[in-house]
Every structure is written in structure tokens, then in C-alpha cells.
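All ligand and atom numbering here is 1-based and tracks the order in the structure. Sequential numbering from 1 along the given sequence is applied to the chain's residues.
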Amino acid sequence: MASDPYKLLFVCLGNICRSPSAEGIMNHLIAANQLQDQIICDSAGTASYHVGSPPDRRMTAAAAKRQINLTGQARQFDRSDFEAFDLILAMDQENYANILRLDSSGQYRHKVKLMCDFCQNYSDREVPDPYYGGEAGFNYVIELLLDACNGLLSQVRQGALD
Ligand code: 4NP
């Protein structure tokens, strides 16, 4: 019998730039590897400012250059996500701290990791917030996330995160 799909949640601040990009890139890799039945992705923001908004158009343009399609509408991270997902990937240390603040007992701490922990080529420890910067920052987020998503996919496929 097939096992349940592995569920990934990508989290940033606004859920309009970094985490929808991580979701779009991961879905692109999942489709390329025909793993749609085995891995499911979603994204959320720790803040509520942009709830209901589509991905930022500057981010969408940077992703499109790599044939990555960004979809969805921003939503805020919710405590119920701790149970609903197998792994929660924070884009930076602030996102990480804000997620863990909602887990006062620490029972879900093992499910929350920094996205850059999965980088194989880049040495960055955080995915930088591109929102107040220029085009280069958005392009950089895509390149960094491609590296992290490739590393993450290989660990999920190996069962290293079960
Ligand atoms: P994200 O980027 O967290 O990658 O979606 C941001 C989006 C909005 C804001 C900051 C970062 N903001 O300040 O509104």
C-alpha cells in the first residue's frame, strides 16, 4: 500500500516573495521527477499583512526566467500547520523564531528547520528578504532556493527526514 505523501511547508514573513518561490521551485522539481503523488508543498507567512495577495510580481518575473511558475494566495502560518505538515522550512532566523514561539511546549521543534540547511553549493545561512531591494535580490533568491530545494528533495527521497 502506498504511504501518505510527505508534506512540506515553506514559511517566510509575508508569503509573497520567498516562500511562494520555494513552493514553486519545489513543485517544478517534483513534477520533473514525477513525484507528485509522494510530496506535497504549501507556503505561509508569519505575518498577516499580505493575506489573500498573489506572489509579488517582481518575484514572479525572476522565477519565470527559470521557467518556474508562482501560484497561490498569501496566508498566515497557523498552529494547526504543526500537525498538518511533516517538515516546516523557515527562510530566515526571524521566521524560525516566530514559528517556534507558537510551539510553547516544544513538541514540534523537530519539524522546523532553516531552508539554507539544505543548500549544497551556497554557504548562506538565510534566504535574504528581497522586498525592499532591486531586481538582483529577487534573482538571487531564486538561485539560492534552487540550490536548497535540490538538496531538500534529495534528502526527502532518501528518507533522511522521516
Ligand atoms: P517575503 O517578503 O517574506 O519573502 O514574502 C516580504 C514581503 C513583504 C514584506 C516584507 C518581506 N513587508 O514588509 O510587507
Side-chain angles (χ1 to χ4, degrees), residues 6-31 39-104 108-109 111-153 155-156 161:
Y6 194 81
K7 300 194 188 72
L8 297 168
L9 180 66
F10 301 99
V11 181
C12 61
L13 177 65
N15 193 208
I16 55 169
C17 296
R18 294 165 293 176
S19 61
S21 297
E23 180 186 355
I25 290 168
M26 203 62 172
N27 277 329
H28 182 86
L29 298 177
I30 287 167
I39 308 172
I40 289 175
C41 300
D42 193 11
S43 65
T46 59
S48 61
Y49 329 123
H50 296 281
V51 167
S53 298
D56 186 290
R57 62 169 64 85
R58 299 165 295 173
M59 196 76 252
T60 301
K65 290 186 216 160
R66 290 295 223 138
Q67 282 72 53
I68 309 288
N69 186 26
L70 303 191
T71 60
Q73 293 185 319
R75 72 168 179 93
Q76 190 171 19
F77 181 83
D78 185 85
R79 278 191 179 84
S80 62
D81 290 320
F82 286 123
E83 272 298 324
F85 291 88
D86 296 300
L87 190 64
I88 296 165
L89 287 315
M91 298 297 130
D92 64 28
Q93 290 284 358
E94 187 184 307
N95 310 146
Y96 182 81
N98 284 331
I99 294 164
L100 287 189
R101 197 169 293 136
L102 297 174
D103 173 31
S104 48
Y108 300 109
R109 195 184 172 88
K111 288 192 176 186
V112 187
K113 298 195 187 305
L114 277 169
M115 190 65 193
C116 284
D117 288 350
F118 297 94
C119 283
Q120 297 175 308
N121 299 310
Y122 285 75
S123 58
D124 302 53
R125 302 307 308 141
E126 303 185 296
V127 182
D129 181 349
Y131 192 72
Y132 292 106
E135 189 181 340
F138 289 89
N139 294 335
Y140 189 78
V141 165
I142 295 297
E143 298 308 314
L144 180 59
L145 285 173
L146 275 164
D147 185 32
C149 283
N150 272 304
L152 176 58
L153 182 62
Q155 290 212 26
V156 171
L161 303 164

**Item:** Spatial distance of atom OH (Tyr131) from atom CD1 (Ile16) [nearest 0.5 Å]
**Value:** 4.5 Å

**Request:** Report the nearest protein non-hydrogen atom to atom 13 (O) of ligand 1: residue, atom name, distance rounded to 0.1 Å.
**Result:** Tyr132 OH, 3.2 Å

**Message:** Starting from atom 7 (C) of ligand 1, what is the nearest protein heavy atom, named by residue and atom, and what distance separates them?
**Reply:** Tyr131 CD1, 3.4 Å

**Fill in**
Which of Val112, Leu9, Leu152 passes side chain to side chain contact (heavy atoms under 4.5 Å, CB included) with Leu87? Answer is Leu152

**Message:** If we set the cut-off at 4.0 Å for heavy atoms, which region of His50 has an atom near ligand 1: side chain, backbone, both, or neither?
**Reply:** side chain

**Prompt:** With backbone taken as N, CA, C and O and side chain as the heavy atoms from C-beta onward, which portion of Asp56 lies under 4.0 Å from ligand 1: side chain, backbone, both, or neither?
**Reply:** neither

**Prompt:** Between Leu144 and Cys119, which heavy-atom pair has the shortest distance, and what is it?
**Reply:** CD1-SG, 3.7 Å

**Request:** Measure the spacing between NE2 of His50 and CD of Gln76 and express it to the nearest 0.5 Å.
**Result:** 12.0 Å

**Tyr49 N/O under 3.5 Å from ligand 1 N/O** = no

**Complete:** Within the 4.0 Å heavy-atom cut-off, what Leu13 brings close to ligand 1 is both

**Fill in**
The closest protein heavy-atom partner of atom 11 (C) of ligand 1 is Asp129 OD2, 3.1 Å

**Asked** Is any N or O atom of Pro130, backbone or side chain, closer than 3.5 Å to an N or O atom of ligand 1?
**Response** no

**Message:** Looking at Glu23 and Arg18, is any side-chain nitrogen of the basic one under 4.0 Å from a carboxylate oxygen of the acidic one?
**Reply:** no

**Item:** Shortest protein heavy-atom distance from atom 1 (P) of ligand 1, along with the residue and atom involved
**Value:** Cys12 SG, 3.5 Å

**Message:** Under the side chain to side chain donor-acceptor pair (under 3.5 Å) test against Asp81, which residue among Lys111, Lys7, Arg75 passes?
**Reply:** Arg75

